[in-house]
Structure formats: C-alpha cells, structure tokens
*Asks:* 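Take this structure first; my questions come after.
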Amino acid sequence: MSSDMLSQFDIDRLLGGAGAAVPAAAANAFGGGASAAAADQEVTAYDFRRPHRVSKERLRTLEAMYERLCKSLEGWLVSRARGHVELRLQSVEQFSFGEFALSLPTPCATYVFDVKGSGGVQGVIDVGHEFAYFLIDRLFGGGGAPSIPGRALSPVERMAVRTVAERTASLLEEIWFDHVPLELSVTGFESSPEILQIANREDPVLVANIEAVAGQASSLLLICLPFSVLEKFFQSSGQRRIGGAAGSEREQREARQRTELALRATPVAVSARLPQFQMSLRDLSNLAPGQVLSTGIPRDAELSVLIGGRERSRGAAGRVGRRLAVRLLDQLSPPQPNEENG
C-alpha cells in the first residue's frame, strides 16, 4: 500500500506540471495513459490578433482566381517578351505585412498600388529582381541571356517594367470583380524592402506567390493585398454570385447598371429574309456568277426580320443613303417559352 501512496512532494510536482519525473504510482493514480497521449500530441499556437481566415473552401476559390490571372498575364507577356514565358501559381497564403516584407530580396523590384475608395489602403506587386531584368532585356530589343546586375532598377528601367505591373493590377481587378470590386492604380516604386511602409507590420495580407520561368531564369512574382479591402469576400457566404443582389441601395443600383450595360453591348445577329419563291431545277442549274436572279417578288413585299435566327417582326426593304436597310412594320415579339428552352 505504501508504494501507491503519494507524498506531498509528488502532489506538488504533479500540480506544477513536471509530469516527466512523476513516479509510476502517481501516473497511474492520475491517469498516466491520458497524460502520455497528451504529451505526444502536437499543440498549435493560435494567434487571436491575426486569426487565420483562408479556409479550404476559400483557398480553392482563390487558387482558381489567381490561376486565371496567371494564364492571362502569361499570354500577354509572351507577345511582348518575344520568347517563352511560363507563370505557375505556387500558393495563395495569409501573412502579416512584416513577414511579407522580410521575404523580399534586397534590392527588389516592388511596385506600390493604391486601392481607390478604401481610405488610403495600398497593395504591392513585386516583379522579382531576375524577372525584371529579363523583361528589360526583351522590351529593349535584346534576345540573349540577360545579365542580372546586383543593383536597383534605374528610372528608365522602372518605367519599362511598370507596364507589366499595371497589366497585373488590371488583371487583379478582373479576377476580384465578382467578389470585391477593386479600382487599382500603380503609384510608386520601391527597391528597398526595409523602407516599404504600406501597412502596419502586424496587419494581415493575402499574398499570391507566382513562379515566373523565362529561359534559364526563374523568379517569383508576388502580389500582396491587405485583408482590410477583402473583408467582404471572407465574411460573405460561399455562394457569392447567388447573393450578389445583397448590399445597399447604391450597390444594387450600380450592379443593375453594370448588368444593363453588359447586355446592351452584347452583339445579336439580325437578318432579313425574302418571302419564299419557286424556280425550276433547270433555271437553278443554269445560274452563273454575275447573273441576276428574277424572283417575281414585288418590291413592296414584306420581309421576315429574324433576331438570333428566329422570326421576331415584319419589315420592308429600303435604303439609307447608299446602304440597304429594313424598316420594321410592327413591334418586336418576345420569345415564347418553348423557344427559350429550345
């Protein structure tokens, strides 16, 4: 019995957390199996100041969005760099701005852009030191393996690479348009990450890491967006497109105007068809290029006006100046339900 009794020293050690030196009797008395399992378990620290917001569902959506950006930017770069350029998305991750700034090389080729209507919030596009000099070589007519000097870009070189940063910002607007409409404009350049100050060091940012492979060189293109302008995306439900009508009256009115403008700009095929007429197979076989075909249809005969391949109205043939024209004789009829389904 004496071996199973705990001394005051053993109890004090248990309460103090020194479980490694606790005797076997104490371990058995207090559930030693559970303590051993807990000791083997990995513990992950949770930072309440910077909660992790990129869930697996969000991550899949973000990866699909930035994959689109990579493909569009890659096609644009190939035509201007006159050579093989491949962009591959490595990851989309959440960092603090301080961690992102520490990951930048010295010197860097970093362009700062403003997010309009956000109260002065800024983001970053880092083109990558090696990739920047590859672009400079190709944009100025070079075709060989470019040299990579260990210096910052000159003002002329910055202006040349700026076109790539502006194109990236434009594509960034496109991929975020359905979730968080952004208006971005490149406003500055920084070659030293130590003095890059667009946010507090602890502010969370979303960083897309894109590998740029050009010739024998490989570099990273980084796109950094502060979480403060993406709150709408991370707080909304997964079905962002279905819930698109939500929001203030102003947002709904703007969304309606954008939809109407897109619909009005949609091209629709419109054609006019003469009434049916008959001709013999002999006359049809004797037709030759340049021959005038007599239809027997009067000049004032009504035409069928087809929109999208379906008859929607009646019309009359005429001219406007030197151009042929059709005047509508009645109102356009809406499509029938069976036509829409077909």
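Please read these numbers as outputs of a predicted model, since none were measured by experiment. Numbering starts at 1 and runs along the sequence shown.
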*Asks:* Tell me the closest heavy-atom pair linking Gly315 and Val305, and the distance in Å.
*Replies:* N-CG2, 4.0 Å
*Asks:* Could you give all pairs that pass the side-chain hydrogen bond (donor to acceptor under 3.5 Å, both in side chains) test and reach residues 269-282, with sequence neighbours left out?
*Replies:* Ser280-Asp283
*Asks:* Between Leu306 and Ser304, is there a side-chain heavy-atom distance shorter than 4.5 Å?
*Replies:* yes
*Asks:* Check whether more than 12 heavy atoms from other residues, nucleotides or ligands sit under 6.0 Å from atom CE of Met159, and answer yes or no.
*Replies:* no
*Asks:* Ignoring hydrogens and geometry beyond distance, is a side-chain donor-acceptor pair present between Arg138 and Tyr133 at under 3.5 Å?
*Replies:* no
*Asks:* Output all residues satisfying ring-ring contact (aromatic ring centres under 6.0 Å, His included) with Phe97, sequence neighbours left out; order by chain, then residue number.
*Replies:* none
*Asks:* Can you tell whether the side chains of Glu260 and Arg256 come within less than 4.0 Å, N to carboxylate O?
*Replies:* yes
*Asks:* With a 4.5 Å limit on heavy-atom distance, are the side chains of Val85 and Leu135 in contact?
*Replies:* no
*Asks:* Hey, can you pull the donor-acceptor pairs under 3.5 Å for the side chains in residues 101-111, sequence neighbours left out?
*Replies:*
| from | atom 1 | to | atom 2 | distance (Å) |
| --- | --- | --- | --- | --- |
| Ser103 | OG | Phe100 | O | 2.6 |
| Thr110 | OG1 | Asp126 | OD1 | 2.7 |
| Tyr111 | OH | Arg158 | O | 2.7 |
| Tyr111 | OH | Arg162 | N | 3.4 |

*Asks:* Using side-chain contact (heavy atoms from CB on, under 4.5 Å) as the criterion, point out the one residue from Asn209, Leu87, Leu206 that pairs with Tyr66.
*Replies:* Leu206
*Asks:* Find out whether Ile210 and Arg88 are in side-chain contact, i.e. whether some heavy atom of one side chain is under 4.5 Å from a heavy atom of the other.
*Replies:* no
*Asks:* Taking C-beta and beyond as the side chain, do Gln94 and Phe227 meet within less than 4.5 Å on heavy atoms?
*Replies:* yes
*Asks:* With a 6.0 Å cut-off (strictly less than), is the heavy-atom count around CZ of Arg258, excluding the residue itself, greater than 12?
*Replies:* yes
*Asks:* Hey, any chance Phe177 and Phe113 share a hydrophobic cluster, counting ILVMFWY side chains that come within less than 4.5 Å of each other, even indirectly?
*Replies:* no
*Asks:* For Ser218 and Glu211, does a side-chain donor sit closer than 3.5 Å to a side-chain acceptor?
*Replies:* yes
*Asks:* With no hydrogens and no angle check, just 3.5 Å: does a side-chain donor-acceptor pair link Glu173 and Ser170?
*Replies:* no
